[in-house]
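Right, one structure below, let's go through it.
Order of appearance sets the numbers: ligands from 1, and atoms from 1 within every ligand.
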Amino acid sequence: IYSKPSLLEQNFSTPIRTFIKHQQKTIIPVIDMSNPYAKHNIVKACEEYGFFKVINHGIPMELMSALESEAVKFFSLPQFEKDKAVPASPFGYGNKKVGPNGDVGWIEYLLLSTKLDSASSSQLFNSLRGNPDFFRSLVKSYIGSVKNLATEVLRLLADGLMMQERNVFSRLLEDEESDSIFRLNHYPPCPPPPNHRNTVGFGEHTDPQVISVLRSNNITGLQIADKNGSWIPVPPDQNSFFINVGDSLQVMSNGRFKSVKHRVIQNSMKSRVSMIYFGGPPSSERIAPLPSLLAEGEQSLYKEFTWSEYKTSAYKSRLADNRLCKFEKQ
Ligand code: GA4
């Protein structure tokens, strides 16, 4: 059932009360997972921002900090040791280069498939110095926890939309064939450039998947673009998760939910470390607006495609490109 925004507003007697304040303006929504109104607040946040912070998520801080410190150990190795790791094409260690098409940033990272038991994953972990089995087991429990959080958020989203199938979105991530990715980023400190401009850590882009779950240490850098294209700094919070809508969810909602443009600016003298789970669909999944979300007479804004077609096209694009526009109906 399509709930008209006006109806939703009426249900909002207890709307999103908690916001992150920025320069006297209220912006980034905060979703309290223990609040019975969470489902409505998630719908609203996905519509208005495509981005929100999640608190009372139930994931132990120890797990986040244990993985962070393993990541820090790896990134603190001498460069020649890190260069022994499998390169990030597609999965492995990457330094300064982002993606295959010439994008660069002030960043180094480990990009992993969430299929950690595969032969290629074993090869990757074995190419890392230190204790690969411990590192892998930490990554595994962390991915398990954030995947649960992501699927819970997606179930609440379906609930908030009053959809009969509560798992319409979450099943994509739960599927054995789900093509999800995990990324550990390290933005090393950098001297301010002489022109007083910010150094880009990770250039502006939208995430192609369904949903992304980010956790970082308490160092600033993440910014999201608002409706007018202005950059809004997201105050970091190492105890919480930040969730953003990806291109696939934008399509499934026929543009009702916004795949938020975001970037990371390296303007600090301290290292920023982030870990992001990108929940994606199985390769063969057809990505299209859900019929039950279309109002009477509402047409799909997008041409049909499968996740594998979208990914192929995304990997031919530059980071800042609008990847969905190729799939928009004229
Ligand atoms: C953006 C979201 C994820 O970090 C990522 C990125 C991927 C990469 O770093 O290899 C991409 C980028 C991301 C979108 C367009 C392509 C692919 C770099 C790039 C230029 C892992 C993903 O899935 O898409």
Side-chain angles (χ1 to χ4, degrees), residues 50-51 71 75 85-116 118 120-121 124 139 142-143 146-147 150 172-173 177-187 200-216 221-225 234 241-251 257-266 272-283 285 287 305-327:
F51 187 85
F75 291 125
V86 167
S89 44
F91 298 122
Y93 171 71
N95 186 9
K96 303 219 167 56
K97 291 185 190 148
V98 173
N101 305 314
D103 291 288
V104 290
W106 194 265
I107 186 176
E108 58 175 340
Y109 59 88
L110 280 171
L111 201 52
L112 310 164
S113 157
T114 55
K115 293 181 183 119
L116 291 172
S118 65
S120 53
S121 271
L124 198 173
V139 171
Y142 183 84
I143 290 179
V146 285
K147 178 178 164 184
L172 300 170
L173 278 55
E177 293 304 312
S178 149
D179 179 23
S180 298
I181 294 181
F182 184 62
R183 153 164 236 151
L184 286 164
N185 290 328
H186 174 222
Y187 301 93
V200 171
F202 204 114
E204 62 174 85
H205 66 285
T206 61
D207 294 343
Q209 292 81 0
V210 178
I211 197 167
S212 313
V213 183
L214 174 144
R215 186 266 175 191
S216 78
L222 180 62
Q223 301 183 336
I224 58 167
V234 178
F241 290 93
F242 292 95
I243 297 213
N244 68 268
V245 168
D247 298 344
S248 302
L249 189 52
Q250 176 170 325
V251 172
F257 302 145
K258 302 286 173 288
S259 176
V260 68
K261 203 188 266 181
H262 53 287
R263 66 178 186 181
V264 174
I265 291 300
Q266 179 50 288
R272 175 178 162 94
V273 179
S274 64
M275 27 187 106
I276 309 136
Y277 164 82
F278 302 94
S283 296
E285 188 73 31
I287 309 298
F305 59 86
T306 62
W307 170 242
S308 129
E309 286 163 349
Y310 192 60
K311 242 185 104 171
T312 306
S313 156
Y315 276 85
K316 288 185 190 146
S317 68
R318 295 291 297 260
L319 205 50
D321 288 349
N322 179 341
R323 278 170 281 281
L324 269 181
C325 86
K326 259 181 80 176
F327 296 89

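- E108 pairs by the side chain to side chain donor-acceptor pair (under 3.5 Å) definition with K82, Y93, H186, not counting sequence neighbours.
- Just one of H262, R318, R263 meets the side-chain hydrogen bond (donor to acceptor under 3.5 Å, both in side chains) condition when paired with H205; it is H262.
- Aromatic pair F182/Y142: ring centres closer than 6.0 Å.
- The protein residues lying under 4.0 angstrom from ligand 1, judged by non-hydrogen atoms, are V98, G99, D103, L111, I181, R183, H205, D207, P208, Q209, F278, A314, Y315, S317, L319, R323.
- Applying the side-chain contact (heavy atoms from CB on, under 4.5 Å) test to N322 and every residue at least two apart in sequence or in another chain returns L324, C325.
- Contacts of R272 classified as salt bridge (Lys or Arg N to Asp or Glu O under 4.0 Å), with partners at least two apart in sequence or in another chain: none.
- Side chain of R323 to main chain of T206: a donor-acceptor pair is present (N/O by atom type, distance under 3.5 Å, no hydrogens or angles).
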